[in-house]
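In this text, all values refer to a predicted model and were calculated from it rather than measured experimentally.
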Amino acid sequence: MTKKLSITIFIFLISLCVYSNKLVSGTVIDCKTNLPIPGAEIIINNQEPKFTNFDGYFEIEVSTDLKEIFIKYPKYKETKIHIGNKKNLGEITLYKRGCKK
């Protein structure tokens with residue numbers, strides 16, 4: 001009986017470690033046109049980059065302790081986004097020459 005209980009507790013603790021991630025989403029848009037930017041890179045801690053889809057939308061799984069991501073696209077300034085506890089980052093505007101914040 002105690003062996004079964006120990007195994008159950010062990011599996012529960014492992015599942016807590018494995019599922020300590022959250023899903024973060026947002027849409028990357030252009031500063032002048034407010035149109036989505038497809039193919040923008042979402043960079044997380046030197047991992048393989050993720051990319052926005054045709055509509056500029058991304059949905060990525062990140063660890064709960066991650067506090068920021070970087071977004072970049074050719075000819076635009078790289079942008080650092082603070083995640084905090086947010087799950088939906090909304091619209092993220094990328095800026096290039098000629099755009100004002």
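Atom CG of N88 has more than 12 neighbouring heavy atoms from other residues, nucleotides or ligands inside a 6.0 Å radius.
Remark: side-chain polar atoms of N45 are not paired, donor with acceptor, to backbone N or O of Q47 under 3.5 angstrom. Formation of a donor-acceptor pair under 3.5 Å by the T52 side chain with backbone atoms of I37 is found in this model. Not one N or O on the side chain of D55 forms a donor-acceptor pair closer than 3.5 Å with the backbone of Y57.
Linking ILVMFWY side-chain heavy atoms closer than 4.5 Å, directly or via other members, places L66 and I42 in a single hydrophobic cluster.
Looking at I43 and K72, their side chains come closer than 4.5 Å, going by heavy atoms from C-beta outward. Between F58 and I92, the closest side-chain pair of non-hydrogen atoms falls below 4.5 Å. Residues L94 and I71 are in side-chain contact: their nearest non-hydrogen atoms beyond the backbone lie under 4.5 Å apart. With contacts defined as side-chain heavy-atom distances shorter than 4.5 Å, the pair V24/E61 does not qualify. Side-chain contact between L23 and I60 is absent, with no heavy atoms from C-beta onward closer than 4.5 Å.
If you check the side chains of Y76 and D30, you find a donor sitting under 3.5 Å from an acceptor.
A side chain to side chain contact (heavy atoms under 4.5 Å, CB included) with I83 is found for exactly one of E68, K67, K22, namely K22.
Here the straight-line distance linking atom OH of Y73 with atom NZ of K96 works out to 9.0 Å at 0.5 Å rounding. For the atom pair C31 SG and K77 NZ, the distance stands at 9.0 Å (nearest 0.5 Å). Of the inter-residue distances, the one linking T93 atom OG1 with I29 atom CD1 reads 3.5 Å to the nearest 0.5 angstrom.
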